[in-house]
Amino acid sequence: MLDGFAVVLEPTNLLYCLVGVVIGMLIGVLPGLGPAATIAILLPVTFGLEPVTAIIMLAGIFYGAQYGGTITSVLLRLPGEASSVVTVFDGHALARQGKAGTALGIAAIGSFVGGTLAIIALTFVAPLVADFALDFGPPEYTALALLGILLVATISSGGRLRALTAAAIGLLLATVGRDEFTSAERFTFGNLNLADGLDFVPIAMGLFGLGEILYNLEERHRKVQAPATVTNVWPSRADLKQSSGAIGRGSVLGFVLGILPGGGAVLSSLAAYALEKRRSKHPERFGKGAIEGVAAPETANNAAATSSFIPLLSLGIPANATMAVIFGALLIQGVTPGPQLVTENPELFWGVVNSMYIGNILLLIMSIPLVGLFVRILRVRATVLAPITVLITLVGAYTVNNSVFDIGLVIAFGIIGYLMKKLGFDPGPMVLAFVLGTLLESSLRRSLLLFDGDPTGFFTRPISGVLLAALIAVALFPLAQTLLRRRRTTPTEEKEPAA
């Protein structure tokens, strides 16, 4: 481990760590251009670098982008990453109240704490956690995805029925494209552009970007009050005290879920937000500017971004799309990730792990002072900001696949997002269910093949059985609350004298 710090502190590696974090923040600010696409574009740049230097830079891009995506979520209600979707709910609400600096500041602190604690845990318990991750098969992922989709209903600012309806639409959208098992085309209507399925970027950019702009343009005849000037971007002691529990719980939850392939930062941020809303004595505050609603998901997604390196470096299993690209970068460098990496190439393993300590410190140092610069975006007039946002959205969507068809999808989902907002539907559950839908379908069908079509097989495995038990408990909890409330009110009503 000490030799790893010696590797990181070499001037070249320090420079590329800084370069990676800066690039990560910048591409996080630009909606549509995520870390996976950026790392893929920069792969040719890594050919002339030492393996440890190249991976340090690519890792910096990954966890740096997690905070960069927060900036647009808070200021523009435009999540650059799927993991930033839940930050939109309370982050943008705080910005509308003139507390954008507080939201971005607490996000930076939560990101630093979550990332640092995850690195410490990665350093000392990676072998044990890696062994646990090996026990996850298709049945476990099925139960995990079902639990995540059920939790979607708890994060919506609308009613549960509307949230579940939006989630059902998201699951339907996840089935568009070529069947993974039979190669049959589903809901493509003969269009080759839909053969590979729908991409997250056009859906998120349309629902949250264009949809919000169209809704606001309808209200342009009303006088819109400018947000209050932010004079202090540092969170107050009260804000820090209020969000400290959320940061702690988000760190643990994000680390655990981040090591599971398919879960990662998206499921971590979702679960952390749902947990805080469940624990809160005033859940109605969430979606209207609760500071915990920013601290929890931002802490969790950064912790998950860090812990996702465990299965990659220890097992050679990429946990998400970005890890898959970094896996390819390692192979290009002649390094094979897996259990032998620690013994055969310790300077790379510990160099990459310890670079995250330095990278998180650099991220905190840069993000807090620059918050004031980002907050100034709120002072731009809506007539100027709306066209810029549309341009960023469309260009960002186009750059992912260089596809004009994706621009059409952004416009279509922008109209859908506008209609959902008009009818009182929250688009968040739809997007999150879409992200989890692919994992659910693939894992469920593999599980049924494994169990010869017998669904009771899920309960015969310890982990999937526990997860399904948790799912049933979460589903029945609102019903139990309602019945308990009725039992408490009925005797009181019976004691009232007749008129």
Side-chain angles (χ1 to χ4, degrees), residues 32-34 36-37 40 81-82 85 137-139 141-146 148-149 152 164-211 261-264 266-267 318-325 327-328 393-394 396-417 419-420 425 427-453 455:
L33 191 62
E81 284 291 302
V85 169
Y141 292 132
T142 302
L144 191 65
L146 281 172
I149 293 170
V152 163
L164 290 174
T165 302
I169 296 173
L171 289 175
L172 179 64
L173 292 175
T175 64
V176 174
R178 191 174 290 110
D179 190 299
E180 180 182 352
F181 294 85
T182 65
S183 296
E185 293 188 357
R186 304 175 301 184
F187 306 111
T188 61
F189 306 103
N191 192 323
L192 292 178
N193 292 298
L194 294 175
D196 292 329
L198 295 171
D199 196 13
F200 162 77
V201 173
I203 294 177
M205 295 302 100
L207 292 175
F208 291 102
L210 287 184
V266 178
L267 187 60
N320 49 56
T322 306
M323 290 296 104
V325 179
F327 180 82
T393 301
L394 295 181
Y398 177 80
T399 55
V400 175
N401 298 313
N402 293 328
S403 171
V404 178
F405 181 77
D406 284 353
I407 295 179
L409 285 178
V410 170
I411 296 173
F413 280 103
I415 297 173
I416 294 173
L419 294 175
M420 291 180 70
F425 285 81
M430 177 176 165
V431 175
L432 293 168
F434 170 77
V435 173
L436 295 173
T438 303
L439 172 66
L440 173 61
E441 182 190 11
S442 175
S443 301
L444 176 61
R445 295 176 69 176
R446 292 178 190 276
S447 300
L448 291 176
L449 288 173
L450 185 66
F451 298 139
D452 293 326

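In this text the structure is predicted, and so the values were computed from the model without any measurement.
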Asker: First locate atom CG of Leu440, then atom OG1 of Thr175, and finally report the distance between them rounded to the nearest 0.5 Å.
Answerer: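 Reported value, rounded in 0.5 Å steps: 11.5 Å.
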Asker: Is the backbone of Ser443 close enough, under 3.5 Å, to the side chain of Thr142 for a donor and an acceptor to pair up by distance?
Answerer: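 Pair found, side chain donor or acceptor close to backbone of Ser443.
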Asker: So Met430 and Met420, do their side chains get closer than 4.5 Å, heavy atoms only?
Answerer: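 When only atoms from C-beta onward are counted, Met430 and Met420 do touch, with a gap below 4.5 Å.
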Asker: Which heavy-atom pair separates Leu450 from Pro139 by the least distance, and what is that distance?
Answerer: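 Answer, listing the atom of Leu450 first, then Pro139: CD2-CG, 4.2 Å.
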Asker: Please give me the minimum heavy-atom distance between Phe405 and Asn193, naming the atom from each residue.
Answerer: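 The answer is CD2-CB, 3.4 Å.
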Asker: Closer than 3.5 angstrom, by distance alone: can the side chain of Thr182 be matched with the main-chain N or O of Asp179 as a donor-acceptor pair?
Answerer: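 Side chain of Thr182 to backbone of Asp179: no pair is present.
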Asker: Measure the CD1-CG distance between Ile411 and Leu394 for me, rounded to the nearest 0.5 Å.
Answerer: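 Rounded to the nearest 0.5 Å, the CD1-CG separation comes to 6.0 Å.
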Asker: I need the Phe425 CZ to Leu207 CG distance, nearest 0.5 Å.
Answerer: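 Spacing of CZ (Phe425) from CG (Leu207) equals 13.0 Å.
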Asker: Kindly compute the distance separating CZ (Arg178) from CG (Leu194), expressed to the nearest 0.5 Å.
Answerer: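 Arg178 atom CZ to Leu194 atom CG measures 11.0 Å (nearest 0.5 Å).
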Asker: Run the side chain to side chain contact (heavy atoms under 4.5 Å, CB included) check on Leu173 and Phe413 step by step: do they pass?
Answerer: CA-CA 12 Å; Leu173 292 175; Phe413 280 103; 3.7 Å; yes
Asker: Any idea which heavy atoms bring Ala174 and Thr438 closest together, and the distance?
Answerer: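 Looking at all heavy atoms of both residues, the closest pair is CB-N, 4.0 Å.
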Asker: Leu198 and Ile203: which non-hydrogen atoms are nearest, and at how many Å?
Answerer: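 The answer is CB-CD1, 4.1 Å.
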Asker: What's the verdict on salt bridge (charged side-chain N to carboxylate O under 4.0 Å, His left out) for Glu441 and Arg446, showing C-alpha distance, side-chain angles and the deciding distance?
Answerer: CA-CA 9 Å; Glu441 182 190 11; Arg446 292 178 190 276; over 6 Å; no
Asker: Among residues at least two apart in sequence or on other chains, which ones pass ring pair (Phe, Tyr, Trp, His ring centres under 6.0 Å) with Phe451?
Answerer: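 Partners of Phe451 under the ring pair (Phe, Tyr, Trp, His ring centres under 6.0 Å) test: Phe458.
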Asker: Please check if the side chain of Arg186 supplies one atom and the backbone of Val176 the other of a donor-acceptor pair under 3.5 Å.
Answerer: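 Not at all, since once roles are kept as given, no pair shorter than 3.5 Å links the two residues.
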Asker: Testing the basics here: between Ala433 and Ala167, what is the closest heavy-atom pair and its distance to 0.1 Å?
Answerer: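 Smallest interatomic distance, heavy atoms only, reads CB-O, 3.3 Å.
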Asker: Heavy atoms only: give me the nearest Ser447-Pro138 pair and the separation to one decimal.
Answerer: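 Looks like OG-C, 3.0 Å.
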Asker: Under the ring-ring contact (aromatic ring centres under 6.0 Å, His included) rule, what pairs show up with a residue in residues 168-187, not counting sequence neighbours?
Answerer: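 Output for this query is empty, none listed.
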